[in-house]
2 protein chains.
Amino acid sequence: MVTADRILATFSSLGLRSTAQRGAIADWLSLASTGGRDFSAEEAWRELSAGDRPIGRATVFRALDALESDGLVDRIELADGSRRYRVCGGNEHHHHIVCVACGRVADVRSCLSPQFAGQIASETGFTLERHSIELFGRCDGCQ
Amino acid sequence: MVTADRILATFSSLGLRSTAQRGAIADWLSLASTGGRDFSAEEAWRELSAGDRPIGRATVFRALDALESDGLVDRIELADGSRRYRVCGGNEHHHHIVCVACGRVADVRSCLSPQFAGQIASETGFTLERHSIELFGRCDGCQ
DNA sequence: TTTACTGCAAACATTTTGCAGATGT
DNA sequence: ACATCTGCAAAATGTTTGCAGTAAA
């Protein structure tokens, strides 16, 4: 769970000013984080704008970009090509598993085994630099 | 390497008629397959249309959809969200590694270790159904 | 008072859709 | 003949950009 203050602090550490809009974004993201919720940029913008005081679409996109570059939020590219975000608090390297029934997302710490890179090298001649894994399954509630 | 005939046969096995356009698409894809090349739908359309006889954009998109549903071509969702295709001949489950320097793509047969699913289950409570892995590294020529 | 931020609306890139006419079976 | 395909152009989607005005520092 990531507090609004921490998000605000991240903005500031990126050299970005503290504005009312970023405040609203921080609040909203903190809530999303508490719920373990993932969302699209559009979705975030729509919900933020539904509130008392609307906010520009571009503002939300730009904020999300900034936070993602910092690592505070993760961008998840689903297998169908849709792009989603998730507040992961800049934790160390991890992956995500998406429930095919209810859409819930959980963090996964397990990762490629160390010998995997060696296997790749001998199989393809490539050296491995980065990887992204998207997992799909069923959460405990949906099995 | 996948022949144009095989692609045509795939169309037909999907209950799709054999048309001049699908013929041109089969030829082009077969060539791409020989070169181990990956491409976006737009790219395929542009090159196909550059030839003697232009072809409709939607036609190419629809053909690619059909072939992908059959598994003859793979859709690769890159980490930046861009979507690419690659003729993989309906081979069994595999992944892709993309060279960060030259963009070359290779097939990777290595996969998640068998105990991975168990690890996931104990860690998250999810059962694993599917996964997609995108790997990024450097090919032998670019190291 | 300076510089960054915001909102807007337009641009953008890519994909999908509806439909009338062409074409394969 | 009849159902499917095609091409077109329009709509849709989701994101980015340029710019003039607003607000933080």
Side-chain angles (χ1 to χ4, degrees), chain A residues 7-29 38-70 73-86, chain B residues 7-29 38-70 73-86:
Chain A
I7 300 172
L8 257 2
T10 303
F11 279 129
S12 133
S13 80
L14 289 168
L16 301 174
R17 290 175 177 175
S18 142
T19 66
Q21 289 85 340
R22 303 219 248 244
I25 292 172
D27 289 344
W28 189 90
L29 287 178
D38 68 301
F39 50 87
S40 69
E42 270 278 319
E43 219 165 294
W45 169 70
R46 224 177 301 119
E47 297 194 13
L48 274 159
S49 291
D52 34 0
R53 186 160 52 281
I55 185 173
R57 196 197 315 259
T59 304
V60 176
F61 278 80
R62 290 189 270 234
L64 250 13
D65 273 0
L67 295 175
E68 195 234 328
S69 78
D70 184 78
V73 311
D74 278 12
R75 202 160 86 174
I76 311 181
E77 302 286 348
L78 259 31
D80 70 352
S82 60
R83 178 179 297 180
R84 313 209 32 99
Y85 291 88
R86 181 175 157 84
Chain B
I7 301 172
L8 257 4
T10 303
F11 279 130
S12 134
S13 81
L14 289 167
L16 301 174
R17 292 176 174 172
S18 143
T19 66
Q21 289 85 341
R22 302 219 247 244
I25 291 172
D27 288 344
W28 189 91
L29 287 178
D38 68 301
F39 50 87
S40 69
E42 268 279 319
E43 221 164 292
W45 168 70
R46 224 177 301 119
E47 298 194 12
L48 274 159
S49 291
D52 33 0
R53 187 159 52 280
I55 184 174
R57 196 197 316 259
T59 303
V60 176
F61 278 81
R62 290 188 270 234
L64 251 13
D65 272 1
L67 295 175
E68 195 235 327
S69 79
D70 183 78
V73 312
D74 278 12
R75 203 160 86 175
I76 311 181
E77 301 286 347
L78 260 31
D80 70 351
S82 61
R83 176 179 299 180
R84 311 207 37 96
Y85 291 88
R86 182 174 156 84

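The model shown is predicted, which means the values in this text are computed figures rather than measured ones. In what follows, chains carry the letters A, B, and so on, assigned in the order in which the sequence lines appear, proteins first and then strands, with residues in each chain numbered from 1.
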Interface residues of residues 13-26 of chain B with DNA chain D (non-hydrogen, below 4.0 angstrom): B/Gly15, B/Leu16, B/Arg17, B/Thr19, B/Gln21, B/Arg22
State which residues pass side-chain contact (heavy atoms from CB on, under 4.5 Å) with A/Ser49; sequence neighbours excluded, sorted by chain then number. A/Trp45, A/Ile55
What residues form a side-chain hydrogen bond (donor to acceptor under 3.5 Å, both in side chains) with A/Ser12, not counting sequence neighbours? none
Between the opening five pairs and the closing five pairs of the helix from C/dT1-D/dA25 to C/dT25-D/dA1, how far apart are the helix axes, to 10°? 30°
All N/O contacts under 3.5 Å from nucleotides 13-17 of chain C to the protein, with atom names and distances to one decimal?
none

Taken to the nearest whole Å, CD1/A/Ile55 to P/C/dA9 is 16 Å
Which heavy atom in B/Ala66 sits nearest to a heavy atom in B/Leu14, and how many Å separate them? O-CD1, 3.6 Å
Check: residues 21-28 of chain A side-chain donor-acceptor pairs under 3.5 Å, at least two apart:
from    : atom 1 : to      : atom 2 : distance (Å)
A/Arg22 : NE     : A/Arg17 : O      : 3.0
A/Arg22 : NH2    : A/Arg17 : O      : 3.4
A/Trp28 : NE1    : A/Glu47 : OE1    : 3.3

Please find the earliest and latest nucleotides of DNA chain D, in the 5' to 3' direction, that have an atom within less than 4.0 Å of any heavy atom of chain B. D/dA3 to D/dC8
Just jot down the side-chain hydrogen bond (donor to acceptor under 3.5 Å, both in side chains) partners of B/Arg86, sequence neighbours excluded, or say none. B/Asp107
Within this structure, what is the CD-CZ distance for the pair B/Glu68 and B/Arg75, rounded to the nearest 0.5 Å? 5.0 Å
CG of B/Asp70 to OG1 of B/Thr10, rounded to nearest 0.5 Å, is 5.0 Å
Test of understanding: with salt bridge (Lys or Arg N to Asp or Glu O under 4.0 Å), list the residues that count as partners of B/Asp38, not counting sequence neighbours. B/Arg84
Under 4.5 Å between any side-chain heavy atoms of B/Leu64 and B/Leu29, yes or no? yes
Listed by chain and number, what are the side-chain hydrogen bond (donor to acceptor under 3.5 Å, both in side chains) partners of B/Ser82, not counting sequence neighbours? B/Asp80
Taking only residues two or more places apart in sequence or in another chain, which ones pass salt bridge (Lys or Arg N to Asp or Glu O under 4.0 Å) with A/Glu42? A/Arg46, A/Arg57
Residues passing the side-chain hydrogen bond (donor to acceptor under 3.5 Å, both in side chains) test with A/Ser40, sequence neighbours excluded, are A/Glu43
